[in-house]
Amino acid sequence: MTSTLARPAAKTQRRAWAGLAVLLLPVLLVSMDMSVLYLAMPTLTQSLDPSATQQLWILDIYGFMIAGLLITMGNLGDRIGRRNILLAGATVFGIASALAAFAPTAGVLIAARALMGLGGATLLPSSLALISTLFPEDRARATAIGVWTAFFAGGSAVGPIIGGVLLHHFWWGSVFLINAPVLLVLLAFGPLLPIGGILPIVYAVKHLAAEGFDLPAVGIGIVGALLLTAFVRRQRHLDDPLLDLSLFRRGLFSVAIGSSTVGMLALAGMSYLTSVYLQSVTGRDPLQSALLGIPGAVVVFVFSMSGARIGRVFGTKTTFVLALGMAAVGNLMLLGVGVHGGIGWYVAGSVVAGAGFGIAFTLVSEVAVSSVPPERAGSAVGISETSFELGNGLGLALLGSLAALVFRSGGDFGSTLGETIAHAGDDTALIESARESFVTGMHVATTAGAVLLATMAAIVFFAKSGSPAKDAAEQVGN
C-alpha cells in the first residue's frame, strides 16, 4: 500500500523539478541580459557612436524598466494567471531581442532594451511565484528557490563571459540573438507548466553627472521624487495595493529587500567598471576579459546554491551580515588594481565579493517567497525582484556616473575613456593620463560601493527580528 501511494508522489516530484527546469530559462535570460553588454560596450561604441549619456541608458534602461514594472506584473500575474503572463512576456522579450540585435542607431537600441525590460518584468515574478505552487513543502521549496537564485545570480555573472565569447567570433548584436532559441523552448514547454517616478530621478542624476548643474535637470528630478512620493502615499490607502507596504513591517523582509538593493547596486557598478577596465585600460580583447571573469562567476553560482543551507546554520540575519561584509571586502580589494598591474587583485576581489553576493541573493528570494501565502507570492516576488533590478540600475547610474565624474575631472578628456583613446591618435601621454584617471574613478566608485555594503551590514546587525514563531504569527495575523 505504501509503495502504491509513493509512486504518484514521486511522479509529482519529478514533474515539479521538470517544471522548475523550464522556469529557469527565463530567469537565466533576464539576468544575463543585465550584464551581457558590459564587455560589448567598447565594440558597440565603435559601431553606433553613442554619447556618454546614451551609453549609460543602453546599459540600464533595461533594468529600470524591469524595476518599474515588476510589482505591477507580479500583481497582474496573481490576477490573470502566472503562466499566461509568463508566455506573453517571453514573446515580447524575443521580439525586442531581435530588434536590439539589428539596431541601426543608439536611440533604437535604447528603445529595444526598454521593450526587453517590459518583457523581462513579466518573466521574473511569474517564474518565481510558480515555484510556490510547484513546491508546497517548505524544504523542497527552499531548495528550488536556491536553484532559481543560483541561475539568476549566475546568469548575471556569466553574462559578460558569454558576451566576450560571442564578440570574439561575431558582431555585437549576437549577444541578443542567443535569446531566441531559449525563448522558443520556453514557449514550447511553458504551457505544460511605478516607473514614472524612477526614470525622471535617474535622468536627473545622469544629466547632472555628465553635463553639470542646470535647473531643468533638477526640476525633472524633483518631479520624479514627487511622483514616487505620491505613489507610495496612494498605496497606503488602497484596499488592494500594487505595493504591499505591510510586508516591510516584517523585520527580515525589510532586511532582505535592503540587502538585495544595495548588493545589486555594488555588484552592477563593480561589474561594469571592471569590464571597461579590462578592455580599455589593460588592452585585453573581449574573450580574454571574459576568461578572467570565470572564477567570480563560478563562485557566485556555487554560493547561491548553498546560501539557504548557510542561512539555516548561522541564522538569516547573521548570514546577511557576513555576506554583505564579504562583498564589501571584495570591492575594496579592487584598490590593488592599477593601470599596469593588479589583475590578481581583480580576480581575488571578484571571487570574495561573488561569494558574498551569492549567499545574500539566495536568502533574499527565500525570505520573499516564504513571507506570504501562495496566492500573494507574485506581489512579494515583485517587490523582491524590483529591489534587484532597481539596485542594478542604480549601480550603473550612480556609481557609473560617479566614476565618470572623477574621470573627467582628471584632465581634458572626452566624455568616456573609449572616446578619449579613439581621438588621441599617437598622443601616448594623453592616453596614459586618461587610463590613470579612469582607474582612479573606478577606485572611488567601488570604494563607495563597499561603504554602502558595510553600512547595510551594520543596519542588518542592529535590526530587530522576531523568532520564527513570531514571524509565523505575524503572517497568520496578516
Side-chain angles (χ1 to χ4, degrees), residues 27 31 66-67 70-71 74 124-125 128-129 131-132 138 141-146 148-150 152-153 156 243-268 300 303-328 355-373 376-392 394-395 452-468 470-472 474-475 478:
V27 173
S31 61
I66 293 179
L70 267 173
I71 295 174
L124 286 177
L128 187 52
I131 290 178
S132 64
D138 289 346
R141 184 174 64 241
T143 301
I145 291 173
W148 188 97
T149 307
F152 180 83
S156 181
L243 181 62
D244 188 358
L245 296 175
S246 67
L247 292 175
F248 290 94
R249 291 199 293 268
R250 295 177 171 90
L252 286 181
F253 187 85
S254 297
V255 162
I257 298 305
S259 298
S260 60
T261 303
V262 174
M264 279 303 302
L265 186 153
L267 176 58
V300 169
F303 278 87
S304 294
M305 293 290 290
S306 58
R309 291 194 296 273
I310 297 173
R312 285 193 291 269
V313 172
F314 295 101
T316 301
K317 196 172 81 165
T318 300
T319 304
F320 267 126
V321 172
L322 293 174
L324 292 168
M326 291 175 65
F357 288 131
I359 295 171
F361 295 160
T362 300
L363 294 181
V364 169
S365 299
E366 184 175 357
V367 168
V369 173
S370 62
S371 64
V372 298
R376 293 297 293 164
S379 177
V381 168
I383 294 175
S384 68
E385 294 308 310
T386 294
S387 69
F388 280 116
E389 302 300 337
L390 183 61
N392 179 75
L394 289 175
L452 290 174
L453 288 165
T455 301
M456 188 64 220
I459 292 173
V460 172
F461 181 78
F462 291 106
K464 295 181 179 179
S465 61
S467 64
K470 181 179 178 181
D471 290 340
E474 288 179 353
Q475 292 181 29
N478 290 323

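Along the sequence shown, residues carry numbers from 1. Everything numeric in this text was worked out from a predicted model, so none of it was measured.
For the side chain to side chain contact (heavy atoms under 4.5 Å, CB included) test, residues two or more places apart in sequence or in another chain that qualify with T261 are I257, S387. For F461, the side chain to side chain contact (heavy atoms under 4.5 Å, CB included) partners at least two apart in sequence or on another chain are V321. With sequence neighbours excluded, the residues satisfying side chain to side chain contact (heavy atoms under 4.5 Å, CB included) with L265 are L394, L398, L399, L452.
Between F361 and M264 there is a side-chain heavy-atom pair separated by less than 4.5 Å.
Here the rule is side-chain contact (heavy atoms from CB on, under 4.5 Å) with L324, and of L453, V262, I359, T319 only L453 fits it.
Closest approach of G325 to A457, counting heavy atoms only: N-CB, 4.5 Å. Of all heavy-atom pairs spanning A266 and F357, the tightest one is CB-CZ, 4.2 Å. Pairing each heavy atom of A328 with each of A454, the nearest pair is CB-N, 4.2 Å. Closest non-hydrogen pair, A268 versus G395, comes out as CB-CA, 4.3 Å.
Residue S259 holds its OG atom at 9.0 Å from CD1 of I459, rounded to the nearest 0.5 Å.
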